[in-house]
Amino acid sequence: MSVLIIIFLTAVAALFAGVFEQGKFSRYIGILGLMIAFYVSFLPELSFFNQFQHMYEFGANAALFTKIAIVTTILIFFIAGFAFSNHRNHQSELYALMLFSLCGGVILFGFQNLVTLFLGIEILSIPLYVLAGSNKTDLRSNEASIKYFLMGAFATGFLLFGVALIYGSSGSFDLYTIHEFAINNPKNLMFNLGAILMLVALAFKVSLAPFHMWSPDVYQGSPSLITAFMMSVVKISAFFAFFKLMTIGFIGINGEWINIIGVLIIITLFLANVMGLAQSNAKRMLAYSSVSHVGYLTLIFYGMNSLSSYNLAFYLFAYSLATVGVMMCLIWVEKLKRETSYNAFKGLAHTEPILAVVATVSLLSMAGIPLTAGFMGKFAIFAQAIDKSPFLVLVAVLGSAISIAYYLRLIMVMFFPKESSFKTSEKVSMTYNIVAVFIIFALVAMGVFPDLFAKQFGL
């Protein structure tokens, strides 16, 4: 809980820093606070917070996923100076809202109670409704905010209805009491219905098809840095909450929901990859790519073992690094061209080779090409699931093969255009280049030496 308090105080400080120099210092306050929080996440939790363990516990898994989310947020803050350069009058609010949203994510990593789960989801989501519409002059941004809010409220209704049924049948909000009830009463109709309603609500939050319909429009309409935050940090938080709820609270009735998960995986992988092929806009393609990755991630529910949490963390970190890598390239192109179509990227490699390389390595990692972190992440999850459901793994492999086509399309445009569309003297900043080199190194190093991930996060 120490980490949660530090991030919250950092968010408050970043917000009030807007009084001075129009929020000029908010980004630096945010980075400093996140670095302190990252350091504290390696330390033992203070005994004072033991009294809250029935609601929130900062255990080993919570610490690991918190570190991943913090590192990803730090990278996003480093590239935010350029991305938010047109938000001169309200930068501090944007940084503060991202930090408040991260607070919700940290709560989701350690929730022990369905009330805490609900609070975490709402604290994670409510700032995002504002952030999605922060580009006030863009109608797409306004649409994204309204659509995200309406679909978020709809999903919250499912979640609360499910929580009510779970409480009505088990008599408790505690995750481990619910776990015991599920084992002893696997055929309780009210309990099973509540579990399925909560599954549907969290499928909305992580954008599993067919509950994904909000995500392409929201991701495309939101400011690109906010899209990067939603596709990485928010995805990490929501999916871990989904994973923890289903594998602890509802593991006793997994026979009732595992087949539903399987159907959702098939729909997600088929629909997202086919729709990704059909896109002519790089940002919308990445939105469908994000949906497809949820399909691969959801295979974690098959063949559960002692390494499942670690495999999930590795995949999410690799995916988040790749997301930041390709989105920082997209942000720079969008600033210059005012668009994110494939044509806008023509000849990028000739003008900014480092940006083109980080985007390429990131896309190859997303596709699961060997010697990248994405390959090792997919391999671990597929290897875990293959004994329990070889058919779903086959579907996932075919989905990965399809995805290579739309990733390569963007790479080809950047490196092998008929003519370059970049005629500008503006150069990428040193900060941008440093972040790009770090992401390239991390994705390749984790692909070649996957144990580096465990060593760097104190495992």
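Worth knowing before you read on, the calculation uses all heavy atoms, side chains too, and leaves out hydrogens, waters and symmetry mates.
In this structure the side chain of Tyr406 reaches within 4.5 angstrom of the side chain of Leu277, judged on heavy atoms. Put simply, the side chain of Tyr95 does not reach to within 4.5 Å of the side chain of Ile29, judged on heavy atoms. The side-chain heavy atoms of Ile226 and Met98, taken from C-beta on, include a pair separated by under 4.5 Å. Between Leu117 and Leu108, the closest side-chain pair of non-hydrogen atoms falls below 4.5 Å. Taking the side chain as every heavy atom from C-beta outward, Lys378 and Val397 never approach each other to under 4.5 Å. Contact check for Leu119 versus Phe111: no side-chain heavy atoms found under the 4.5 Å cut-off. Looking at Leu34 and Ile6, their side chains never come closer than 4.5 Å, going by heavy atoms from C-beta outward. Residues Met285 and Arg409 have side chains not in contact (no heavy-atom distance under 4.5 Å, counting atoms from C-beta outward).
When ring centroids are compared, Tyr310 and Phe453 come within the 6.0 Å threshold. Separation of the Phe243 and Phe239 ring centroids does not fall under the 6.0 Å cut-off.
For the atom pair CD1 (Ile381) and CD1 (Ile386), the distance works out to 13.5 Å, reported to the nearest 0.5 Å. Interatomic distance, Ile196 CD1 to Glu256 CD, rounded to the nearest 0.5 Å: 7.0 Å. Distance check: Leu392 CG to Thr298 OG1 gives 10.5 Å after rounding to the nearest 0.5 Å. The CE atom of Met446 lies 11.0 Å from the CG atom of Asp451; values are rounded to the nearest 0.5 Å. Separation of atoms CG (Asn311) and CE (Met376) is listed at 9.5 Å; rounding is to 0.5 Å.
By the 6.0 Å and 45° rule, Lys67 stacks over the aromatic ring of Phe42. Geometrically, Lys283 does not engage Tyr219 in a cation-pi contact, judged by NZ or CZ lying under 6.0 Å from the ring centre and within 45° of the ring axis.
Not a single donor-acceptor pair under 3.5 Å links the side chain of Ser125 to the backbone N or O of Glu122. The closest donor-acceptor contact from the side chain of Ser145 to the backbone of Asn142 lies at 3.5 Å or more, if one exists at all. Between the side chain of Thr66 and the main chain of Ala62, a donor-acceptor pair closer than 3.5 Å is present. A distance-only check finds a donor-acceptor pair linking the side chain of Gln279 to the backbone of Met275 [under 3.5 Å]. At least one donor-acceptor pair closer than 3.5 Å links the side chain of Thr268 to the backbone N or O of Ala209. Counting only distance, with no hydrogens or angles, the side chain of Ser222 and the backbone of Val218 share a donor-acceptor pair below 3.5 Å. No donor-acceptor pair closer than 3.5 Å links the side chain of Asn188 to the backbone N or O of Ser169.
By the 30° and 60° cut-offs, the orientation of the rings of Phe301 relative to Trp257 is perpendicular.
The two atoms that bring Leu269 and Ser292 nearest to each other are CD2-O, 3.5 Å, heavy atoms only.
A salt bridge links Asp217 with Arg284: the closest approach of a Lys/Arg side-chain nitrogen to an acidic carboxylate oxygen falls below 4.0 angstrom.
Residues passing the ring-ring contact (aromatic ring centres under 6.0 Å, His included) test with Phe191 are Phe181, Phe250, sequence neighbours excluded.
Partner of Tyr319 under the side-chain hydrogen bond (donor to acceptor under 3.5 Å, both in side chains) criterion, out of Ser232, Ser290, Ser289: Ser290 alone.
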